[in-house]
Amino acid sequence: MKWFRCPARHGYAVEVSPFLPNRLACATAQYYGIAGCGTLLVLEQSEADILLLRSFDWNDGLFDVTWSESNEHVLVTGGGDGSLQIWDTANPEGPIQVLKEHTQEVYAVDWSQTRGENLVVSGSWDHTAKVWDLERCQSVCTLQGHEGVLYSTIWSPHVSSCLASASGDGTLRVWDVKTGLCRLAIPAHKAEILSCDWCKYDQNVLVTGAVDCSLCVWDLRSVRQPLAQMLSHTYAIRRVKFSPFYKTVLASCSYDFTVRFWDYSRSPMLLDTVEHHSEFVCGLDFNLHIPNQVVDCSWDETIKIYTPPCLAALQELAS
């Protein structure tokens, strides 16, 4: 276990670089995001430690972060002032660009995954998602239809111009960015949905995590009921992530201070529960480069990097 402490900064989101296996970024806020400013931390892990490479301050809390898929130095964050900030790790002065169209907090940002597109999606508490072409410095599309705040917006890793959004209105929606239309609206939970993610191996499968403490796996070809439902968390699920290495394995972190690992093809589905934080766990990511390495961040002012034994055991079984 490696860890990094960021005093007076509460972690909201963490993401490993798609280019550099030891580099990660964490979006943080002062005063639990209720007031004060935010800081983007760019970190580098060594054999035994996590080192601060660069930190960028913003005048409002930062709630999400995404790395560029086309430039290893560039990141985007979403802020409490309704703006997106574009940062360059090679430029320590501050954001190289600020995009302001949302009228309330930007809670989710994600860089498009498919080749040929260089787009960012943002999800806001103003009930809209916006798609941005960073070369144009403005949004190219506004997605409207949710009746509650947006907590999560994620591009499909398989289908270009396709993304999913999860909202406080209890629905998971799938959008076609070319037309700006909602292709599918699933009443996924009878509670606010705080996170969603796409399966990396099946273009029709997504997972949602909600305030009702449940994760649901959905097959878009048959949405009358979930493919699987996972229950074990005792408070709201803040973030869900599919493993990049196993089709049916995923992770969730929660306001119950835990991170849990699941395989919905097994019984029981719960593989392991990691309890190493003393506050809400809000950020979670798998390292694409180092199999089974997980990064998380919490309101306890720490970022942790570790390899859960249950995932190491899965790797041994597979080999």
Side-chain angles (χ1 to χ4, degrees), residues 1-6 11-28 40-54 64-69 72-73 75 89 110-111 113 154 157 195 197-201 207 209 215 230 237-254 257-266 269-277 280-298 300-319:
M1 166 93 64
K2 303 170 196 173
W3 60 282
F4 180 86
R5 182 169 293 283
C6 41
Y12 264 88
V14 65
E15 188 169 286
V16 179
S17 163
F19 293 101
L20 304 166
N22 292 315
R23 191 159 296 180
L24 56 143
C26 183
T28 72
L40 170 64
L41 304 169
V42 181
L43 305 161
E44 188 88 14
Q45 64 165 319
S46 65
E47 280 294 313
D49 220 340
I50 308 172
L51 308 167
L52 180 65
L53 205 66
R54 179 102 54 218
D64 201 10
V65 60
T66 183
W67 287 94
S68 165
E69 295 285 335
E72 67 186 50
H73 301 292
L75 307 101
T89 57
D110 193 40
W111 199 291
Q113 301 278 309
I154 306 280
S195 185
D197 195 29
W198 294 87
C199 175
K200 308 303 182 276
Y201 294 89
V207 62
L215 292 87
M230 286 152 278
I237 295 164
R238 180 61 185 86
R239 206 172 293 267
V240 289
K241 288 273 181 173
F242 262 106
S243 166
F245 297 104
Y246 310 101
K247 181 177 178 181
T248 55
V249 171
L250 43 89
S252 57
C253 65
S254 165
F257 305 179
T258 71
V259 180
R260 294 176 199 242
F261 296 91
W262 315 81
D263 183 343
Y264 70 85
S265 69
R266 291 169 175 247
M269 290 185 269
L270 181 64
L271 298 174
D272 202 2
T273 301
V274 175
E275 301 180 67
H276 58 203
H277 285 291
F280 292 176
V281 189
C282 293
L284 177 66
D285 198 21
F286 286 95
N287 192 323
L288 292 166
H289 314 276
I290 303 171
N292 307 316
Q293 189 179 80
V294 176
V295 185
D296 66 35
C297 69
S298 165
D300 65 10
E301 307 176 359
T302 67
I303 297 148
K304 299 196 172 177
I305 302 178
Y306 54 102
T307 301
C310 65
L311 298 188
L314 277 182
Q315 190 175 11
E316 281 179 29
L317 278 173
S319 58

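With rounding to the nearest 0.5 angstrom, the CZ atom of R260 is 8.5 Å from the CD1 atom of I237. To the nearest 0.5 angstrom, E47 atom CD is 11.0 Å from D49 atom CG. From L250, atom CG reaches atom CG of D197 across 8.5 Å, with rounding to the nearest 0.5 Å. Taken from CG in D263 to CE in M230, the straight-line distance is 9.5 Å, to the nearest 0.5 Å. L270 CG to S252 OG: the interatomic distance, rounded to the nearest 0.5 Å, is 8.0 Å. In this structure, CG on L43 lies 8.5 Å from CG on L51, to the nearest 0.5 angstrom.
With hydrogens and angles disregarded, no donor-acceptor distance shorter than 3.5 Å links the side chain of S195 to the backbone of G209. Checking side-chain atoms of K241 against main-chain N and O of C253 turns up no donor-acceptor pair under 3.5 Å. Between the side chain of R239 and the backbone N or O of C282 there is at least one donor-acceptor pair closer than 3.5 Å. Under a 3.5 Å cut-off, the side chain of D300 and the backbone N or O of H277 do not form any donor-acceptor pair. Looking at R54, its side chain does come within 3.5 Å of a backbone N or O of T89 through a donor-acceptor pair. Under the 3.5 Å distance criterion, the side-chain polar atoms of S298 are matched with a main-chain donor or acceptor of F280. Distance alone, capped at 3.5 Å, is enough to place a donor-acceptor pair between the S17 side chain and the F19 backbone. One N or O on the side chain of E15 and one on the backbone of W67 form a donor-acceptor pair closer than 3.5 Å. Counting only distance, with no hydrogens or angles, the side chain of W198 and the backbone of I154 share a donor-acceptor pair below 3.5 Å. With Y201 contributing its side chain and P244 its backbone, the two residues share a donor-acceptor pair below 3.5 Å.
Shortest non-hydrogen contact noted between P157 and C199 is CG-O, 4.0 Å. Listed here is the closest heavy atom pair of A25 and L40: CB-CD1, 4.1 Å. Across S68 and P18, no two heavy atoms sit closer than the pair O-CG, 3.5 Å. Shown here for C310 and F261, the closest heavy-atom pair between the two residues is SG-CB, 3.8 Å. Shown here for T248 and S265, the closest heavy-atom pair between the two residues is OG1-OG, 3.2 Å. When all heavy atoms of Y246 and L311 are compared, the pair lying nearest together is OH-O, 3.6 Å.
Contact of the L41 side chain with the T28 side chain is registered, since non-hydrogen atoms from C-beta on lie closer than 4.5 Å. Here the side chains of L314 and L271 are in contact, with some heavy-atom distance below 4.5 Å. With a 4.5 Å cut-off on side-chain heavy atoms, T307 and V294 do not count as touching. For the pair L24 and F4, the minimum side-chain heavy-atom distance is 4.5 Å or more. The shortest distance between side-chain heavy atoms of V259 and K304 does not fall below 4.5 Å. In this structure, the side chains of D110 and D64 stay at 4.5 Å or more apart for every pair of heavy atoms.
Considering only residues two or more places apart in sequence or on other chains, Q293 meets the side-chain hydrogen bond (donor to acceptor under 3.5 Å, both in side chains) condition with Q45, N287.
Around atom NZ of K247, no more than 12 heavy atoms belonging to other residues, nucleotides or ligands sit under 6.0 Å away.
By the 30° and 60° cut-offs, the orientation of the rings of H276 relative to Y306 is perpendicular.
With respect to the salt-bridge test (charged N to carboxylate O, under 4.0 angstrom), the residues R238 and D296 do not qualify.
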